[in-house]
Amino acid sequence: MSLQRALVTGGAGFLGSHFVDALLGEGWNVIVVDNLLTGRRANLEHLSHDPRFEFVELDICEPFDVGKVDYVFHFASPASPVDYSVHGIPTLKVGSLGTFHALDVAHNHDAKYFVSSTSECYGDPLEHPQKETYWGNVNPIGPRSVYDEAKRFTEAVTMAYRRYHNLDTRIVRIFNTYGPRMQLNDGRVVPNFMKQALRGEDLTVYGDGSQTRSFCYVSEEIDGFMRLAKSDEHLPVNIGNPNEFTILECAQRVLKVTGSKSRIRYEPRPQDDPKQRCPDITKARQLLGWEPKIDLEAGLRMSLDYFKKAVAEEATTK
Ligand code: UDP
């Protein structure tokens, strides 16, 4: 896959920017397009002098063309519950119009195509752990539907381009991922808890904290994407860490890793917040030889310096 040109939509985001680093590391030329609604130029600052890297600020909800590309990686979308509830309509637009435009770029240039989907396609799941064959339990009109249905549509239109245009497509279903470059204010549980613990504030556990999530450290998640990108699998593949934690356990891990004396404060649980989430990764194991090994506590330790720095920077800019 070397010395070719890749397009990454949403490449200024948390996951997108880590994936850009991985592509450059494998010898690709990379062009990122991002409208910076939730992405940040700072995530790509370290690449500003790399001649193989280009950045164009644009909104993929309008048709666009960036010249010949060999692979389109479509990551663009707000992705945290807070971000997509604030930006509900842009989330629906980027998942629908934006996905059409990203697919059109791939189709017009005869490029391969890879799209980030999400465990949110499973909604508040009635099957546990979630296999790729599970169709999900999604509220189509609830507050999360702007993201869940946009991503389900993204999968549908991707499969349609495969069926009708013979496009060479891949779909990854991403489960909770954490690590450096997460925005302190994106509202997700790991940045919220890390920020609160480092500032000595209460950790806000929503509900009684018995709901579960399965957290994957970012470098392992990116390795899973890369393996899938190189494979021929066109049906969705779960990429996530199957070690499941309650949110209360997650809070306790954060307190341990930060050495914080913060206390836990219980707050109301958001509507339609999934009760359990854990990927069945049998397919990724068998097909891609992919298996995450970094446990939550180790990953939090690896993220600690980043969060300390981010909290300190925020304090000085206030
Ligand atoms: N959560 C929490 N406190 C916070 C932020 C999140 O208890 O400050 C809970 C949230 O209700 C959910 C889980 O942590 O059950 C994961 O939430 P997140 O926003 O990280 O992502 P989600 O997995 O819901 O997309």
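Values reported hereafter were calculated over all heavy atoms of this structure, with side chains retained and with hydrogens, waters and symmetry mates removed. Whatever order the structure lists them in is the order used to number ligands and atoms, beginning at 1. Position 1 is the first residue of the sequence, and the numbers go up from there.
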Taking atom 9 (C) of ligand 1 as the point of reference, which of Arg265, Gln211, Glu267 owns the nearest heavy atom?
Gln211
Can you check which of Phe175, Tyr266, Tyr206 brings a heavy atom nearest to atom 7 (O) of ligand 1?
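Answer by nearest heavy atom: Tyr206.
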For ligand 1, which atoms have a heavy atom of [X] less than 4.0 angstrom away?
{"X": "Thr204", "value": "2 (C), 3 (N), 4 (C), 7 (O), 8 (O)"}
{"X": "Ile247", "value": "7 (O), 13 (C), 14 (O)"}
{"X": "Arg144", "value": "22 (P), 24 (O), 25 (O)"}
{"X": "Asn176", "value": "21 (O), 22 (P), 23 (O)"}
{"X": "Asn192", "value": "4 (C), 5 (C), 8 (O)"}
{"X": "Glu120", "value": "25 (O)"}
{"X": "Gly187", "value": "5 (C), 19 (O)"}
{"X": "Pro270", "value": "11 (O)"}

Ignoring hydrogens, what is the shortest heavy-atom contact between [X] and [Y]? Give both atom names and the distance.
{"X": "Thr204", "Y": "Phe193", "answer": "O-CE2, 3.2 Å"}
{"X": "Val94", "Y": "Ser77", "answer": "CG1-CA, 3.7 Å"}
{"X": "Leu296", "Y": "Arg253", "answer": "CD2-CG, 4.1 Å"}

Carefully, step by step, assess Asp104 and Tyr161 under the rule side-chain hydrogen bond (donor to acceptor under 3.5 Å, both in side chains).
CA-CA 9 Å; Asp104 285 337; Tyr161 267 61; 2.6 Å; yes
Judged by modelled atom types alone, do Gln211 and Thr246 share a side-chain donor-acceptor pair under 3.5 Å?
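There is no such pair between these side chains.
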Given Asp124, which of Arg269, Lys275, Arg144 fulfils the salt bridge (Lys or Arg N to Asp or Glu O under 4.0 Å) condition?
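So the option named by the test is Lys275.
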Evaluate the ring planes of Trp28 and Phe73, with Trp represented by its six-membered ring, and classify them as parallel (under 30°), tilted (30 to 60°) or perpendicular (over 60°).
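Judged by the thresholds at 30° and 60°, the geometry between Trp28 and Phe73 is perpendicular.
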If we only consider heavy atoms of [X], is any one of them less than 4.0 Å away from an atom in ligand 1?
{"X": "Arg269", "value": "no"}
{"X": "Met182", "value": "no"}
{"X": "Arg277", "value": "yes"}
{"X": "Ser80", "value": "no"}

Taking N or O atoms only and a 3.5 Å limit, does Pro81 qualify as a polar contact for ligand 1?
no
Salt bridge or not between Glu291 and Lys293? Use side-chain N to carboxylate O under 4.0 Å.
no
Is Arg227 salt-bridged to Asp223, cutoff N-O under 4.0 Å?
yes
When you compare the side chain of Leu15 with that of Thr177, does any pair of heavy atoms fall below 4.5 Å?
yes
Where is the nearest protein heavy atom to [atom]: which residue, which atom, and how far?
{"atom": "atom 20 (O) of ligand 1", "result": "Val189 N, 2.8 Å"}
{"atom": "atom 16 (C) of ligand 1", "result": "Arg213 NE, 3.6 Å"}
{"atom": "atom 11 (O) of ligand 1", "result": "Asp273 OD2, 2.9 Å"}

For Asp21 and His46, what are the C-alpha separation, side-chain angles and deciding distance, and is it a side-chain hydrogen bond (donor to acceptor under 3.5 Å, both in side chains)?
CA-CA 10 Å; Asp21 287 340; His46 59 291; 2.8 Å; yes
